[in-house]
Every structure is written in C-alpha cells, then in structure tokens.
Amino acid sequence: QVQLVESGGGLVQAGGSLRLSCAASRSIFSMGWYRQAPGKQRELVATMTSDGRTHYVDSVKGRFTISRDNAENTVYLQMNSLKPEDTAVYYCYARTNVVIREYWGQGTQVTVSS
C-alpha cells in the first residue's frame with residue numbers, strides 16, 4: 001500500500017501561480033496529477049516516471065511543469081499562468097509498473113478567480 005499526501009492548493013487570481021506537492025510513503029514508478037472540475041470527468045494533467053519521462057494534457061503545456069524528487073518520493077506540479085478553467089480538485093496519482101496498482105491522494109482544491 002502507498003499513501004499519498006498532497007499540499008499546496010488554494011485560491012489565486014487568473015495569471016497567478018501555485019505549486020502542488022505530493023509525498024508518497026515509498027518509491028513508486030509513476031507519479032502525477034489528475035483533476036476534476038464540477039460536473040466533469042476526472043482528467044489527467046501531468047505524469048512523470050522515475051526515469052524522467054513526462055506527459056502533459058495539451059491544455060496545460062507551456063504553463064504547468066511536473067518534477068520529482070526521487071530521494072524524497074515527492075512529485076511537484078508548478079502551475080503558472082493559471083486560468084479560471086484550471087479550477088478543479090487536483091488529485092495526486094501514483095502507479096507501479098510491474099504489477100499495476102494505482103493509488104490516489106485525497107485531493108486538493110485549486111480555485112482560479114477571473
């Protein structure tokens with residue numbers, strides 16, 4: 001079992017920045033972030049493997065940056081140039097790579113005001 005502890009959400013004006021953090025209880029292959037806005041399905045935002053491969057949803061490319069500290073089992077999401085449509089609950093996500101298991105954080109609210 002892997003526990004994920006998130007931090008860093010909040011309220012920010014459009015154009016502002018926030019940084020999300022997620023610490024895992026142990027080393028894990030892939031970590032990243034999903035988000036879910038009211039009335040919408042949960043969508044992938046960004047992921048990063050332990051060997052540095054990244055993936056972003058098109059809507060955040062150039063604005064969000066995912067990074068990892070493998071020694072601390074922590075993943076970060078730097079969110080710049082935030083837009084009101086980025087408003088959502090952001091969930092930390094982790095996945096193993098041999099026997100596939102997925103884990104989720106409790107979610108952190110990000111609200112971007114116009």
Side-chain angles (χ1 to χ4, degrees):
Q1 190 71 8
V2 176
Q3 284 74 48
L4 303 174
V5 179
E6 304 157 346
S7 60
L11 172 65
V12 65
Q13 288 188 330
S17 298
L18 283 173
R19 189 190 195 208
L20 305 182
S21 300
C22 174
S25 56
R26 66 167 176 84
S27 175
I28 194 160
F29 174 66
S30 178
M31 296 185 72
W33 299 90
Y34 280 67
R35 66 186 178 187
Q36 187 166 21
K40 295 187 176 181
Q41 288 190 330
R42 191 174 296 189
E43 67 167 354
L44 181 147
V45 178
T47 59
M48 189 171 188
T49 61
S50 55
D51 56 359
R53 288 172 285 158
T54 60
H55 174 77
Y56 295 91
V57 67
D58 286 346
S59 61
V60 307
K61 287 180 180 177
R63 300 188 298 121
F64 291 11
T65 302
I66 191 168
S67 60
R68 283 180 68 155
D69 183 337
N70 288 331
E72 297 294 330
N73 302 325
T74 301
V75 65
Y76 305 95
L77 186 68
Q78 178 67 43
M79 304 185 292
N80 298 329
S81 303
L82 282 161
K83 304 175 181 180
E85 51 264 43
D86 295 317
T87 295
V89 177
Y90 284 68
Y91 294 91
C92 183
Y93 166 82
R95 179 177 64 84
T96 57
N97 66 323
V98 178
V99 176
I100 303 299
R101 290 194 173 93
E102 298 179 320
Y103 303 93
W104 295 92
Q106 77 280 7
T108 185
Q109 178 70 45
V110 171
T111 303
V112 184
S113 62
S114 57

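We're numbering straight along the sequence, starting at 1.
When every heavy atom of Gln36 is checked against every heavy atom of Lys40, the shortest pair comes out as NE2-O, 3.1 Å. Among all heavy-atom pairs drawn from Pro84 and Ala14, the shortest one is CD-CB, 4.1 Å. The heavy-atom pair separating Ala94 from Ile28 by the smallest distance is CB-CD1, 3.6 Å.
A distance-only check finds no donor-acceptor pair linking the side chain of Asp69 to the backbone of Thr74 [under 3.5 Å]. Checked by atom type and distance alone, the side chain of Thr111 never pairs as donor or acceptor with a backbone atom of Leu11 at under 3.5 Å.
The cluster map of Ile, Leu, Val, Met, Phe, Trp and Tyr, joined by side-chain heavy atoms under 4.5 Å apart, puts Val60 and Tyr34 in different clusters. Residues Met31 and Leu18 are members of one and the same hydrophobic cluster, defined by side-chain heavy-atom contacts under 4.5 angstrom among Ile, Leu, Val, Met, Phe, Trp and Tyr.
Val89 places none of its side-chain heavy atoms less than 4.5 Å from the side chain of Thr108. The shortest side-chain heavy-atom distance between Trp33 and Ile66 falls under the 4.5 Å cut-off. Between Asp86 and Arg63 there is a side-chain heavy-atom pair separated by less than 4.5 Å. At a threshold of 4.5 Å between non-hydrogen side-chain atoms, the residues Val112 and Gln13 do not count as touching.
The distance from the OH atom of Tyr56 to the CG atom of Leu77 is 7.5 Å, given to the nearest 0.5 Å. Taken from NE2 in His55 to CZ in Arg53, the straight-line distance is 12.5 Å, to the nearest 0.5 Å. Taken from CE in Met48 to OG1 in Thr65, the straight-line distance is 10.0 Å, to the nearest 0.5 Å.
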Could you go through the side chain to side chain contact (heavy atoms under 4.5 Å, CB included) check for Val45 and Phe64 one step at a time?
CA-CA 9 Å; Val45 178; Phe64 291 11; 3.8 Å; yes
Step by step, work out the side chain to side chain contact (heavy atoms under 4.5 Å, CB included) result for Tyr91 and Arg42.
CA-CA 9 Å; Tyr91 294 91; Arg42 191 174 296 189; 3.5 Å; yes
Test side chain to side chain contact (heavy atoms under 4.5 Å, CB included) on Val110 and Leu20 and set out the steps.
CA-CA 9 Å; Val110 171; Leu20 305 182; 4.1 Å; yes
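Every pair tested for disulfide (SG to SG under 2.5 Å) that includes a residue from residues 55-89 fails, sequence neighbours excluded, so the list is empty. Listed by first and then second residue, the disulfide (SG to SG under 2.5 Å) pairs that reach into residues 56-114 are Cys22-Cys92, sequence neighbours excluded.
With a 6.0 Å cutoff to the six-membered ring centre and a 45° limit on the axis angle, Arg68 does not count as a cation-pi contact of Tyr76.
At a cut-off of 3.5 Å, with distance as the only test, a side-chain donor of Asn80 or Ser17 sits close to an acceptor on the other residue. For Glu85 and Thr87, the side-chain atoms include no donor-acceptor pair closer than 3.5 Å. A side-chain N or O of Arg35 and one of Tyr90 form a donor-acceptor pair less than 3.5 Å apart.
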For residues 95-106, which side-chain N or O atoms pair as donor and acceptor with protein atoms under 3.5 Å away, sequence neighbours left out?
{"from": "Thr96", "atom 1": "OG1", "to": "Val99", "atom 2": "O", "distance (Å)": "2.5"}
{"from": "Thr96", "atom 1": "OG1", "to": "Arg101", "atom 2": "N", "distance (Å)": "2.8"}
{"from": "Glu102", "atom 1": "OE2", "to": "Tyr93", "atom 2": "OH", "distance (Å)": "2.8"}

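A salt bridge links Asp58 with Lys61; the closest basic N to acidic carboxylate O contact falls under 4.0 Å.
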